[in-house]
S.K.: 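Please see the structure below; I have some questions.
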Number of protein chains: 2
Amino acid sequence: MPDTHPIARKLDGRADATRRRILEAALAEFAEKGLAGARVDEIAARADANKRMIYAYYGSKEDLWLSVLEQAYTAKRDREHALDVQALPPRDAMAKLVSFNLRYTAAHPEFVALLNDENLNRAAHLKRSEEVQALYTPLLDTLRAVLARGEAEGAFRRGVDPMQLYITLVGIGHFYVANSHTLSTIFGSGLTTKKALAAREAHCVDVVLGYLRP
Amino acid sequence: MPDTHPIARKLDGRADATRRRILEAALAEFAEKGLAGARVDEIAARADANKRMIYAYYGSKEDLWLSVLEQAYTAKRDREHALDVQALPPRDAMAKLVSFNLRYTAAHPEFVALLNDENLNRAAHLKRSEEVQALYTPLLDTLRAVLARGEAEGAFRRGVDPMQLYITLVGIGHFYVANSHTLSTIFGSGLTTKKALAAREAHCVDVVLGYLRP
DNA sequence: CCAATAAGTAACCAACCAGTTATTTACATG
DNA sequence: CATGTAAATAACTGGTTGGTTACTTATTGG
């Protein structure tokens, strides 16, 4: 039924807008302060919504956290899915995967913050998520395919475990973004400038491609 | 004055023991729940001490957090300082640095948790730490020396940025430990078994040495 | 044994905070 | 314009939590 009742449409539209504002505000608040540090009142204020609506739409603070987390996963999954590297030679394809990951991570520190805090909570919320799909990561499949192709063509070394490489590939970007503040106390601030990010991107590509040489 | 008043000694001894119990309890509580999620009452209970003593000895929850953080840094720094790799050939030395880092990280997930939470707080506490020494990391100096030696001997590729390599080396261990719970939802649990850690260690060494080949 | 001081305790408090209740407002339709 | 319903609001509540106050216990030199 694409043509639902106009009344429902209109009301849904307003309600949906509120839902979306709450979700966006929650993302910002949770990413900034973590689950325990975030304040429901503050989320309501940021969303310019009444606190009651948060409970009406999302049930509880923890349920809201899970919704935010699932949405963040979905957003990244969508971007990963849009990656098309199968036409590229293995080394170019791999370079693109590494670059994509670093750029996405740097552009979405909220995702990094959410992930860290969810791990602090032993992934308790994700584990009870019904959207198991949220955990599926297209990047892993793509990586596996590129790796297999590169091995077959002799472009990559043999015997590389896709899981290990995936964790390494994601980790070298994630750690840089997640710990930029403490790293800044060691190396001086300026790790998040365009120039510094470009240098990090080049290094990450170098590391992965350098390692994969036969 | 090695022989201070016995009265002071005895009392200091009892006081120091309480201080230490509080610090240990705080480390456990903070690592488990983060700064915002940790409860001062719970720390007092874990330490089998009165809450008042926490404030007498450490001033406030945030000051206690900083003390815990500094102690964790100091502990790691001490272990890094005990590393002696200058007598080893560059590749062996580098392998030892990578192995050390992964093992230390895996053995001290509390340090990882503290670091993540401190970064969530934009390193606000470390930045106002008077023990600037806490930020100094011997591993970086050692890495720099090994890298220079390996380059000079032709064992490593040229032009590697020590900072980038340091971040990569630490990151590939840190991310694995910090995100083991969400990674487990993807790859199935069992990432922290002895076997899995040995596999990760081997991979990390392979990546760094593979990358550094000339 | 007694004074002096350090260490430790129990009870308390005010601010905070997740979650609720009672009520009002907005809006499409008959 | 009256009416039913979805959306939104203000005010409140009970438990929690960082921090404090007033008081007790332990230790030892004189």
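Every heavy atom of this structure was used, including side-chain atoms; hydrogens, water molecules and symmetry mates were not. Every chain is numbered from 1, with letters handed out A, B, ... down the list of sequences.
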S.K.: Go through His174(B) and Tyr176(A) one step at a time and tell me if the ring pair (Phe, Tyr, Trp, His ring centres under 6.0 Å) criterion holds.
M.R.: CA-CA 11 Å; His174(B) 183 102; Tyr176(A) 183 86; over 10 Å; no
S.K.: Does a side-chain N or O of Thr18(A) approach OP1 or OP2 of dA7(D) to a distance below 4.0 Å, or not?
M.R.: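 For dA7(D), neither OP1 nor OP2 has a side-chain N or O of Thr18(A) closer than 4.0 Å.
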S.K.: Is the positively charged end of Arg144(B) above the ring of Tyr166(B), judged by distance under 6.0 angstrom from the centroid and angle within 45° of the axis?
M.R.: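 No; the conditions do not both hold, so Arg144(B) does not lie above the ring face of Tyr166(B).
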S.K.: How many whole angstroms separate atom CD1 of Ile43(A) from atom C1' of dG19(C)?
M.R.: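 Whole-Å distance recorded here is 13 Å.
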S.K.: Roughly, in whole Å, what's the span from CG in Asp16(B) to C1' in dG8(C)?
M.R.: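 From Asp16(B) CG to dG8(C) C1': 15 Å.
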S.K.: Write out a two-atom table: protein N or O, nucleotide N or O from nucleotides 17-21 of chain D, distance below 3.5 Å.
M.R.:
unit_1  : atom_1 : unit_2   : atom_2 : d
dT17(D) : OP1    : Arg39(B) : NE     : 2.6
dT17(D) : O5'    : Arg39(B) : NE     : 3.3
dG18(D) : OP1    : Ala38(B) : O      : 3.2
dG18(D) : OP1    : Arg39(B) : NH1    : 3.2
dG18(D) : OP1    : Lys61(B) : NZ     : 3.2
dG18(D) : OP2    : Val40(B) : N      : 3.0
dG18(D) : N7     : Lys51(B) : NZ     : 3.3
dG19(D) : OP2    : Tyr55(B) : OH     : 3.0
dG19(D) : OP2    : Lys61(B) : N      : 2.9
dG19(D) : N7     : Lys51(B) : NZ     : 2.8
dG19(D) : O6     : Lys51(B) : NZ     : 2.4

S.K.: Side-chain contact, heavy-atom cut-off 4.5 Å: Thr142(A) with Gln86(A)?
M.R.: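 They are in side-chain contact.
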S.K.: Around atom CZ of Arg21(A), are there more than 12 heavy atoms of other residues, nucleotides or ligands at under 6.0 Å?
M.R.: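 Atom CZ in Arg21(A) is crowded, with more than 12 foreign heavy atoms closer than 6.0 Å.
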S.K.: Rounding to a whole Å, what distance do you find between Ile22(A):CD1 and dG19(C):C1'?
M.R.: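 From Ile22(A) CD1 to dG19(C) C1': 14 Å.
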S.K.: How close or far is atom P of dA15(C) from atom CD of Glu42(A), stated in whole angstroms?
M.R.: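 Rounded to whole Å, this separation is 20 Å.
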S.K.: Looking across every strand, which nucleic acid part, if any, lies under 4.0 Å from Tyr57(A) by heavy atom: base, sugar-phosphate, or nothing?
M.R.: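 Result for Tyr57(A) = sugar-phosphate.
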S.K.: Report the residue from Leu114(A), Leu120(A), Leu115(A) that forms a side-chain contact (heavy atoms from CB on, under 4.5 Å) with Asp117(A).
M.R.: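 Filter result, single survivor: Leu120(A).
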S.K.: Expressed as a whole number of angstroms, how long is the span from Ile54(A):CD1 to dA7(D):C1'?
M.R.: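 Taking atom C1' of dA7(D) as the reference, CD1 of Ile54(A) is at 15 Å.
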S.K.: Tell me the interatomic distance from Tyr58(A), atom OH, to dA7(D), atom P, rounded to whole angstroms.
M.R.: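 Spelled out: OH on Tyr58(A) to P on dA7(D) is 13 Å.
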S.K.: Taking CZ in Arg79(B) as the centre, count heavy atoms belonging to other residues, nucleotides or ligands within less than 6.0 Å. Is the count above 12?
M.R.: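 Not buried by this count: 12 neighbours or fewer within 6.0 Å.
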S.K.: Could you give the CZ-to-C1' distance, from Arg21(B) to dA7(C), as a whole number of Å?
M.R.: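 Going from Arg21(B) (CZ) to dA7(C) (C1'), I get 11 Å.
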